[in-house]
Amino acid sequence: MLDITKDFPGIRANDAVTLQVEKGSIHALLGENGAGKSTLMSILFGLYQPDAGKIRIRGEDVRITDPNVANRLGIGMVHQHFKLVHNFTVTENIILGLEPRKGLVLDTKRAAKRVAEISKLYGLDVDPDAKIEDITVGMQQRVEILKMLYRDAELLIFDEPTAVLTPQEIRELMQIMKRLVEEGKTILLITHKLKEIKEAADTCTVLRRGRLIGTVPVASTSEQQLAEMMVGREVNFHVDKKKAKPGEVALAIENLEVKNAKGVMGVKKLSLEVRKGEILGLCGIDGNGQTELVQALTGLAPIEGGRVLLAGRDITKLPVRKRLDLGLGHIPEDRHKHGLILDFRLDENLVVHSYGKPPFAKYGILDFEAIRKNGERLIDEFDVRSGEGPATPTRSMSGGNQQKAIVAREIDRSPEAFVVAQPTRGLDVGAIEYIHKRIVAERDKGKAILLVSLELDEILDVSDRIAVIHAGEIVGVVDAKKTDENELGLMMSGSMRKVG
Amino acid sequence: MTKAKNDKLVLSLVATGLGFLLGAIVIIGTGKNPFIMLNAMVFGTTGINIAKGIFNARYIGEFFIQAMPIILTGLSVGFAFRTGLFNIGAEGQVLVGGLAATIIGLGVRAPSIVHVPMIILGAMLAGALWGALPGFLKARYNVHEVVVTIMMNYIGLHLNNHIVRNIIGTTDGVKTAVFPKTAMLSSEFLAGVTNGSRLNWGIVPTVLAVFVFWFLIEKTTFGFGLRAVGFNKEGARYAGMKVERNVMTSMAIAGAFAGLAGAVMAIGTFGFGRTLPAAEGYGFDGIAVALVGGNAAFGIMLSGLLFGMLKAAAPLMQSAGIPKEIGSIIQASIVVFVAMKYGLEKLLVLMGRKSREPVEGSAV
C-alpha cells in the first residue's frame with residue numbers, strides 16, 4: 001500500500017527509509033526518541049516535504065502537500081495529545097470542520113446517527129451525545145478514532161496511543177485495533193513499548209538514528225531482539241536491585257490538601273511516608289493529583305492543609321530554596337518547563353540551585369571557571385553527551401541527555417529525600433536503563449525516594465512499595481513484589497481499595 | 001565570542017546595512033544624491049565635512065549629546081528585557097529623573113562634589129521608584145507591565161509639568177530658573193575641546209552605566225538569577241529563585257538607568273528644568289536601541305551611538321535639502337529588519353548555502 005523512501009541530507013532525520021505497510025495489517029513503527037519516527041509520520045501526513053523519495057498509495061505515486069491532502073487520501077492520525085473541544089459533545093467534535101447542514105442550520109441529528117453507526121460497527125461503544133469533559137480519557141481516544149473513521153480514513157496512524165491509558169484501557173484499545181483491521185482498515189502504530197507491539201502488531205519496522213534497521217514479522221521476533229534492533233546493543237529490561245533496607249521515615253506527608261489549577265482540591269487529605277533506603281512508587285492515571293502533590297512537596301504550589309515533614313522537620317510553609325537546602329531533591333515532571341533553563345549553557349544549568357554558593361560565587365560574583373569545571377565533572381561522571389561540553393546550549397541537547405543532566409545535578413546535590421517525577425518520560429531504552437540504575441544506587445546509599453510515574457512497568461520494576469493515587473486520594477499501598485498490573489489498574493481506576 | 005553572540009552581531013549589522021540601503025533608495029527616489037546623506041552622517045559624528053573639506057569638532061560633541069540619553073534608556077529597556085519584562089516606561093522614568101534633578105538642583109545648596117552626585121542619585125532613585133511600581137504590580141498582582149508603564153509615562157509627564165509650573169515656577173512658562181553652577185555637569189574643558197559644544201561630564205556616568213549593566217547581568221549571581229527568570233520563569237521558581245522579587249528589582253534598576261538619563265539631560269545638556277507639551281521619545285528610542293543592541297551592554301552602547309548618529313545627522317541632511325525624516329525612516333527600517341530576525345536569518349542561511357554549495361560539490 002505504501003512505499004516511502006526519504007532522505008534528509010541536512011539533518012539526516014530520515015536516511016533513505018523505506019516503509020511498506022500491507023493493507024489490513026497492524027504495522028508497528030519502533031524507534032528511540034529522535035530516531036526519526038515523527039519526521040517520517042509528519043511526511044506521510046503532509047506536514048513536511050521529503051527531500052528525496054516518494055510516497056505510493058495503492059500503487060500510485062502521490063504528493064502529500066498538506067494534511068488535507070492526506071485526509072483525502074484516507075490517512076488519519078490519532079495524536080498523542082487529543083485535539084478535542086471539551087465542552088462540545090462527541091458528535092460536535094467529530095463533525096468539526098465538515099459540519100452537515102440542512103439549509104442554513106447544522107444537522108447534528110443526522111451526524112449523531114452516523115457516529116452511532118460507525119461506533120457500533122467497530123465496537124467502540126461511544127455515546128454520541130456525551131460531552132467530552134464527562135467521559136474518560138480512554139473514551140476520548142475512541143472519539144479521536146471515530147473522527148478518523150467518520151472521515152473515511154483507511155490508514156490510521158496511532159501516535160503513542162497508550163501513554164495516557166490504564167492497563168485495562170490498553171487491552172480494550174488493542175481489541176479495537178484488531179477489530180478495525182478485521183473491517184479492512186490498516187493501522188500504523190508508533191510506539192516505543194515493546195510489549196504492545198508483541199501484543200497487537202503483525203509487522204514491525206525499526207528505525208535508529210534516522211536509518212532503517214529492518215522490518216520484521218512480530219510473531220517470530222522476541223522483545224529482546226526488537227530492543228536490540230532499536231538501541232543497537234544488548235539491553236537489560238529488568239532493574240537489578242538488592243532487597244531494600246528501609247530505615248526511619250525521611251519524608252512524611254500528613255493529611256495534605258492542595259488545590260489544582262481549576263481551584264478545587266486536587267489532593268485530598270493525603271498521607272504517605274517514605275523511609276530512608278526505599279523507593280516508594282506512586283502510580284495513577286494522569287491527572288489524579290500527582291502533579292499537585294509533587295508541586296506541593298517541592299514548594300511550587302501552596303499547601304491548603306496538612307503538613308509535610310522532611311526528616312522530622314516541618315517544611316510545609318518553607319520557600320523552595322529552603323526546602324532544597326534542607327535536603328530535598330526534585331527531578332521535575334516537565335524538564336523543559338521546570339527542570340532546565342533551555343537558553344542557558346549546560347554548565348549554568350548544572351548550578352541553577354547552587355550558583356550563589358562557593359565555589360561557584362564569591363561576594364555575589366560568579367566564578368565561571370568553577371562553574372565550567374563542575375560542568376565537566378558531572379558530564380564525565382554521568383555520561384551526559386553534548387556537542388560542546390559545558391558550553392553546549394541546553395536547548396540543542398537530546399531529551400535523554402537533558403534528563404541525564406538534571407539527574408546529575410540532583411544526585412550531586414546529595415539530598416536526603418528525592419521527589420522523582422516521570423524521570424524517563426519520552427526517553428529511549430538505553431537512557432531509561434541508566435536512570436533507573438542511578439535511582440536504585442541512591443536508594444542503596446540510604447536516600448528516601450518518592451517515584452511518581454505514569455509508566456506502570458517503571459513503577460513495578462523500580463519501586464519497593466507502591467502507592468496508588470486516585471482522584472487525589474491514596475487508594476492503596478502495596479508491596480511491589482506482591483502485586484501486578486491488574487491489581488494496580490483496578491486501584492488506579494478507583495474500583496478497588498487496598499491499604500496495608 | 002560565542003557563536004550565538006556572533007550571530008546576533010551579524011544580524012544587527014546586516015539590519016543596519018539594509019536600513020541605510022533603504023534610506024539611500026528613498027533619497028534617490030526624491031531625486032537627491034545619497035552621498036549627501038553619507039556626508040551628513042560623517043559630518044554629524046566626526047565633524048569632518050567631506051564635501052566642503054572642513055572640520056568642526058563641535059559636531060563630535062553634539063553627537064555624543066544625542067547618543068548619551070538613548071544609550072541610557074536603551075540600557076533601561078534592555079535590562080528589564082533580560083528579566084523577560086517590557087519596560088515601555090523609560091520615557092516616564094526619564095521625566096521623573098529629570099524632575100528629581102531639577103528639585104535637588106534648585107533646592108539644595110552644596111559644593112559641586114556633593115551636589116552633582118546627590119542629583120544623580122536622586123534622579124536614579126526617582127526613576128527606580130517609577131519602575132518599581134509597575135514591577136511590584138506585576139509581581140504581586142500580575143498586572144501587565146506594558147499597560148502600567150505606558151500609563152506611568154503620562155503620569156510622569158503631567159507630574160513634571162505640574163510641579164515645574166506650579167510649585168517650582170518658571171521664568172517663561174516653560175523653563176525654570178537656571179541651575180546653580182555647583183549642580184552642573186558642564187565642562188569648560190570638554191566644551192573647549194569640541195569647539196563650544198554642549199558636551200559635558202555626563203559622558204562619565206553614561207559609560208559607567210554601560211559597565212554596571214554588563215557587570216550585573218553577566219558577572220554576578222544576581223544577574224544569573226535575573227537571566228534565569230527572563231528565560232524561564234517556572235524553571236527559575238523550581239530552582240528556588242525568588243521570581244517576584246527579581247521582577248521588581250529588575251524594573252527598579254531599569255528605572256534607575258532611565259532616571260540617570262533624565263539627570264544627564266537636566267544638569268548636563270540643558271541646565272534648567274522644563275515643562276513639556278508631550279513626551280520627547282527618549283524612552284521609545286531606548287526600545288529601538290535595546291532591540292538593535294541585542295539587549296547586551298556593549299551592543300546597546302553601539303546601537304545607541306548609531307541612533308545618536310542618525311539624530312545628529314538629521315538637521316545636517318535637512319540643511320543639504322534632504323528631508324530630516326530620512327533619519328527616522330532609516331531608524332525605523334533598521335528596527336523592522338532586526339525584528340524580522342527569523343526571515344533575515346533564513347535569508348543569511350540561504351545565501352550562505354548557495355555560496356557554499358559549489359565547494360561541497362567539488363569536494364565530492
Side-chain angles (χ1 to χ4, degrees), chain A residues 9-10 294-295 298-301 318-326 328 330-345 347-358 360-368 371 387-388 391-396 406 409-410 413 419 421, chain B residues 1-8 81-84 139-140 142 211-246 249 253 294-296 341 345-346 349-350 352-354 356-357 360-361 363-364:
Chain A
V294 168
Q295 298 205 335
T298 51
L300 291 170
L318 295 181
V320 179
R321 174 73 46 88
K322 268 271 167 55
R323 296 184 196 211
L324 299 176
D325 289 347
L326 283 172
L328 187 69
H330 178 197
I331 295 174
E333 165 181 341
D334 188 332
R335 59 177 165 267
H336 289 169
K337 189 174 166 200
H338 288 115
L340 295 165
I341 314 273
L342 286 175
D343 294 292
F344 268 9
R345 288 158 47 126
D347 56 353
E348 289 178 319
N349 259 308
L350 291 170
V351 295
V352 285
H353 299 299
S354 48
Y355 66 95
K357 297 175 190 125
F360 307 125
K362 269 179 215 126
Y363 312 112
I365 294 161
L366 293 166
D367 183 345
F368 286 102
I371 291 174
E388 299 157 60
T392 313
T394 317
R395 191 180 287 284
S396 72
I406 296 173
R409 178 180 73 205
E410 296 305 308
R413 292 199 305 118
V419 178
Chain B
M1 192 182 282
T2 64
K3 197 180 160 290
K5 271 187 192 159
N6 213 349
D7 286 352
K8 244 184 192 172
F81 196 80
R82 290 300 280 272
T83 321
R140 189 79 178 76
N142 203 20
F211 275 97
V212 166
F213 181 111
W214 169 79
F215 186 75
L216 273 184
I217 286 285
E218 311 288 349
K219 293 288 155 194
T220 65
T221 53
F222 174 65
F224 188 89
L226 292 185
R227 283 189 290 132
V229 172
F231 281 136
N232 179 356
K233 235 185 210 182
E234 289 309 310
R237 207 188 301 280
Y238 152 84
M241 296 172 191
K242 296 212 164 41
V243 173
E244 280 72 28
R245 202 175 63 189
N246 279 355
T249 15
I253 293 173
N295 299 309
K341 194 175 142 202
E345 267 168 7
K346 222 172 182 176
V349 169
L350 274 178
R353 195 189 286 174
K354 264 193 193 129
R356 229 175 294 142
E357 246 165 15
E360 271 173 35
V364 174

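So you know, we letter chains A, B, ... as the sequences are listed, proteins then strands, and number each from 1. These numbers come from the heavy atoms of this one structure, side chains and all, not from hydrogens, waters or symmetry mates. These figures come from a predicted structure and were not determined experimentally.
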Quick one: what part of [X] sits under 4.5 Å from any heavy atom of chain B, side chain, backbone, both or neither?
X	answer
Arg409(A)	side chain
Phe368(A)	side chain
Glu348(A)	both

Taking the side chain as C-beta and beyond, is there a heavy-atom pair between [X] and [Y] under 4.5 Å?
X	Y	value
Phe344(A)	Arg227(B)	yes
His338(A)	Arg237(B)	no
His353(A)	Tyr238(B)	yes

Count the heavy atoms belonging to other residues, nucleotides or ligands that lie under 6.0 Å from NZ of Lys362(A), then report whether that count exceeds 12. no
Could you check whether atom CZ of Phe81(B) has more than 12 heavy atoms from other residues, nucleotides or ligands sitting under 6.0 Å from it? no
Highest number of heavy-atom pairs under 4.5 Å with chain B: which of Val320(A), Leu342(A), Asp343(A)? Asp343(A)
Considering only heavy atoms and a distance below 4.5 Å, find which of Gly356(A), Gly364(A), Ala391(A) pairs most often with chain B. Gly364(A)
Once you round to the nearest 0.5 Å, how far does CD of Glu234(B) lie from CD1 of Ile341(A)? 10.0 Å
To the nearest 0.5 Å, what is the distance between OG1 (Thr221(B)) and CD1 (Ile365(A))? 8.5 Å
Quick check for you: among Lys242(B), Lys233(B), Met241(B), which has the greatest number of heavy-atom pairs under 4.5 Å with chain A? Met241(B)
For chain A, which of Phe224(B), Phe215(B), Phe222(B) has the most heavy-atom pairs under 4.5 Å? Phe224(B)
Is it the case that the side chain of Asn232(B) and the backbone of His336(A) share a donor-acceptor pair, with hydrogens and angles ignored and the cut-off at 3.5 Å? yes
